[in-house]
Every structure is written in structure tokens, then in C-alpha cells.
Undergrad: 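Mind having a look at this structure? Questions to follow.
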Amino acid sequence: MSPAPTVLLVHGAFADASSWSGVIEELRSQDIAVRALPNPLRGLASDAAYVASAAAQIDGPVVLVGHSYGGALITVAGAAENVVGLVYVAAYVPEEGESLGELQGRFPLSPLVANLDEWTYPVEGADAAVEVTIKPDAFPGIFAADVPAEVTSILAVSQRPLAASVFTEKAATAAWHTKPSWAVIADADQAINPDVQRFGAKRAGATLTEIEGASHAVAVSRPKEVAATVREAVRATS
């Protein structure tokens with residue numbers, strides 16, 4: 001038997017590591033070592049390098065768990081030697097050489113695309129770069145329709161912006177070719193078309209779990225079910 005892996009949780013766009021709170025509670029109740037990583041949200045290659053570096057510094061095997069854009073990051077960062085499994089949660093699952101724009105362009109666009117605000121941020125030695133957030137009034141329905149209104153009202157005004165460049169960067173590698181994978185599909189997702197999630201997960205040969213009525217914020221609204229899939233991955237790679 002190999003040692004039980006540490007779970008490294010990677011959040012996606014418009015969120016932070018606290019979005020994993022319910023999942024963390026569930027995993028810790030099962031004595032599973034877990035860490036939730038802050039995601040810079042500044043670029044696919046640089047963010048993936050950060051995740052890979054964090055994973056490589058953990059003693060022993062690691063199961064990477066990525067929500068949303070975080071799925072693209074674990075696809076690349078999962079090439080780290082001590083990563084033994086990948087779990088996708090309402091996530092993008094790109095192929096090597098594929099951008100997120102190309103992946104989601106295979107299917108009808110979700111309502112998210114028409115409900116983004118654009119902002120700029122400074123970049124050293126270059127013109128200002130573009131970042132995006134979800135329009136606050138559209139946020140509850142698009143991101144977290146099954147989360148209580150008092151929670152979504154706070155999430156909507158505390159979003160962490162995502163660099164727009166991530167949609168055109170191409171994945172440098174796809175670790176799912178050599179690492180086992182699992183996927184949670186949020187079938188009522190209005191941020192990433194569920195068909196995009198299914199296509200990528202099936203192409204990766206992932207073990208699929210569909211959660212009926214789940215929004216994009218499935219880790220917040222359905223933490224027990226998400227944690228169950230993560231536990232399955234931990235047990236399978238131990």
C-alpha cells in the first residue's frame with residue numbers, strides 16, 4: 001500500500017480558497033490530509049506552475065482537485081511527479097495544445113459569457129491587461145443558483161477577477177493521459193456548459209459523478225457529494 005495522498009484543492013475564477021470550506025470539513029472528518037491553495041488567477045502557464053510547485057513541496061503523494069478554471073490548472077500541474085490523481089469539479093478538462101476558448105467553443109456558450117464586466121490591471125513592462133468578473137446582479141443565477149441568497153450577495157461583491165488571457169493560452173500538457181482522474185459534473189451549471197464538462201471528462205477517461213440540480217458553486221452547495229468523489233480518488237490512489 002502506498003501512503004495516503006494529501007488532497008490539494010485548487011479553486012477557480014471569481015472565488016477563493018474559502019469556497020472549499022464544506023469540502024475541507026468533510027475530508028478532515030475522514031482523517032484525510034487536505035490543503036486549499038490560493039489561485040493567482042493571472043495566467044494558465046504561471047498559475048499551473050504555482051500549483052505544481054506547491055504540490056512538489058508536499059511530502060508524499062498528492063491528489064489534485066480543481067474547480068472550474070482550476071481544472072485546467074491541475075491538467076497541466078498534474079504532471080508533477082508526486083501527483084497520483086486528478087479530480088475535476090464542474091471544471092474545464094483541456095487536451096494538450098488546446099485553449100479553454102477552443103474547448104468551450106465546441107458547444108453553445110453558457111450565460112456567463114454575456115454577463116462579464118471587464119477591468120484592467122497593471123502589468124510590468126507592458127500595457128494594462130484585461131481581467132473579468134461576473135456582473136453582480138447576474139452572479140447568483142449564473143454562479144450559485146442553489147446557494148442561499150444571503151451567501152451569494154456576499155460572494156457577488158467579493159469576487160476575485162480572472163485574467164482574460166487564460167481563455168487563449170494553450171495547455172502545455174494534459175496529465176490525465178498518465179494519471180487517473182475523476183469528475184463531478186454540475187448538471188445545472190450556468191457558468192460552464194455541463195456538456196463542456198462531460199466532453200472533457202469523458203475524453204480524459206475520468207470516472208464521472210453527475211449531481212442533479214447543482215450550480216457551478218457545487219463545492220459550496222453540495223460539499224458532501226464533492227467530498228465523496230475526492231475520497232474515492234484518495235482511496236483508489238492509496
Side-chain angles (χ1 to χ4, degrees), residues 10-16 19-20 39 41 43-44 47 65-75 87-95 98-119 130-149 151-153 155-171 174 176 181 183-204 206 208-222 225-226 229:
V10 183
H11 68 81
F14 321 123
D16 60 29
S19 61
W20 293 111
N39 182 350
L41 303 176
L44 178 54
D47 293 344
V65 182
H67 173 247
S68 188
Y69 163 63
L73 301 187
I74 69 170
T75 295
V87 181
Y88 295 93
V89 180
Y92 292 113
V93 189
E95 170 64 283
E98 182 178 54
S99 71
L100 299 188
E102 291 168 337
L103 172 56
Q104 68 180 13
R106 295 170 179 265
F107 300 91
L109 296 177
S110 72
L112 171 71
V113 179
N115 286 280
L116 293 174
D117 283 328
E118 290 191 358
W119 313 84
V130 175
E131 61 184 12
V132 293
T133 57
I134 304 173
K135 294 181 184 298
D137 59 346
F139 183 93
I142 288 175
F143 197 88
D146 56 351
V147 175
V151 177
T152 58
S153 65
L155 297 178
V157 298
S158 60
Q159 297 178 58
R160 292 191 56 226
L162 175 69
S165 62
V166 305
F167 293 101
T168 56
E169 284 189 72
K170 296 182 183 296
W176 48 259
S181 60
V184 174
I185 309 300
D187 81 350
D189 199 328
Q190 298 295 301
I192 300 178
N193 185 333
D195 287 336
V196 173
Q197 300 173 36
R198 291 186 193 99
F199 171 80
K202 289 179 179 179
R203 180 173 61 179
L208 267 62
T209 298
E210 294 237 3
I211 301 184
E212 185 177 354
S215 74
H216 192 60
V218 61
V220 177
S221 63
R222 311 286 278 273
E225 288 147 290
V226 172
T229 294

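What you see is a predicted model; the values in this text were computed from it and never measured.
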Undergrad: Between Val10 and Val65, is the side chain to side chain contact (heavy atoms under 4.5 Å, CB included) condition met? List the steps.
TA: CA-CA 6 Å; Val10 183; Val65 182; over 6 Å; no
Undergrad: Side chains of Val89 and Trp20: does their closest heavy-atom pair fall under 4.5 Å?
TA: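 Touching, per the 4.5 Å side-chain cut-off.
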Undergrad: Side chain to side chain contact (heavy atoms under 4.5 Å, CB included) with Pro140: which residues, sequence neighbours excluded?
TA: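 Per chain and number, Pro140 pairs via side chain to side chain contact (heavy atoms under 4.5 Å, CB included) with Thr152.
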Undergrad: Side chains of Trp176 and Thr75: donor-acceptor distance under 3.5 Å anywhere?
TA: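 No, Thr75 and Trp176 have no side-chain donor paired with an acceptor closer than 3.5 Å.
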Undergrad: Can you confirm whether the side chains of Ser19 and His67 place a donor and an acceptor under 3.5 Å from each other?
TA: no
Undergrad: Nearest heavy-atom pair of Gly43 and Val166: which atoms, and what distance?
TA: CA-CG1, 3.8 Å
Undergrad: For the backbone of Lys170 and the side chain of Ser99, can you confirm whether one donor and one acceptor N or O come within less than 3.5 Å of each other?
TA: no
Undergrad: Kindly give the heavy-atom pair with the smallest separation between Ala214 and Val218, and that separation in Å.
TA: CB-CG2, 3.7 Å
Undergrad: Quick one: closest heavy-atom pair of Ser68 and Ile192, and the distance?
TA: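 Nearest pair, atom of Ser68 first, then Ile192: OG-CD1, 3.7 Å.
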Undergrad: Kindly give the heavy-atom pair with the smallest separation between Asp187 and Gly213, and that separation in Å.
TA: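 Distance-wise, the nearest heavy atoms are OD1-N, 2.6 Å.
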Undergrad: Do the side-chain N and O atoms of Tyr69 and Asn39 include a donor-acceptor pair separated by under 3.5 angstrom?
TA: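 Side chains of Tyr69 and Asn39: no pair found under 3.5 Å.
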Undergrad: Considering non-hydrogen atoms only, spot the tightest contact between Ala72 and Pro94 and give its length.
TA: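 Scanning both residues, the minimum pair turns out to be CA-CD, 3.8 Å.
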Undergrad: Tell me yes or no: between the side chains of Ser215 and Asp146, is some donor less than 3.5 Å from an acceptor?
TA: yes
Undergrad: Let me see the working for Arg203 and Glu98 under salt bridge (charged side-chain N to carboxylate O under 4.0 Å, His left out), right down to the final yes or no.
TA: CA-CA 13 Å; Arg203 180 173 61 179; Glu98 182 178 54; 2.7 Å; yes
Undergrad: Give a yes-or-no answer on whether the side chains of Asp189 and Gln197 include a donor-acceptor pair shorter than 3.5 Å.
TA: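 Looking only at side-chain atoms, Gln197 and Asp189 do form a donor-acceptor pair, the distance falling under 3.5 Å.
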Undergrad: Between Ala217 and Val147, what is the shortest heavy-atom contact and its length?
TA: CB-CG2, 4.2 Å
Undergrad: Under 3.5 Å, is there a donor-acceptor pair between the side chain of Glu118 and the main chain of Val130?
TA: no
Undergrad: Look at the side chain of Gln104 and the backbone N and O of Gly101, then say whether any donor-acceptor pair between them is shorter than 3.5 Å.
TA: no
Undergrad: Give a yes or no answer on whether the side chain of Glu169 reaches the backbone of Leu44 with a donor-acceptor pair at less than 3.5 Å.
TA: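 Such a contact is found between Glu169 side chain and Leu44 backbone.
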Undergrad: Got a sec, which residues hit side chain to side chain contact (heavy atoms under 4.5 Å, CB included) with Lys135, two or more places apart in sequence or on another chain?
TA: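 With sequence neighbours excluded, Lys135 shows a side chain to side chain contact (heavy atoms under 4.5 Å, CB included) to Asn115, Asp117, Asp137, Ala138, given in chain and number order.
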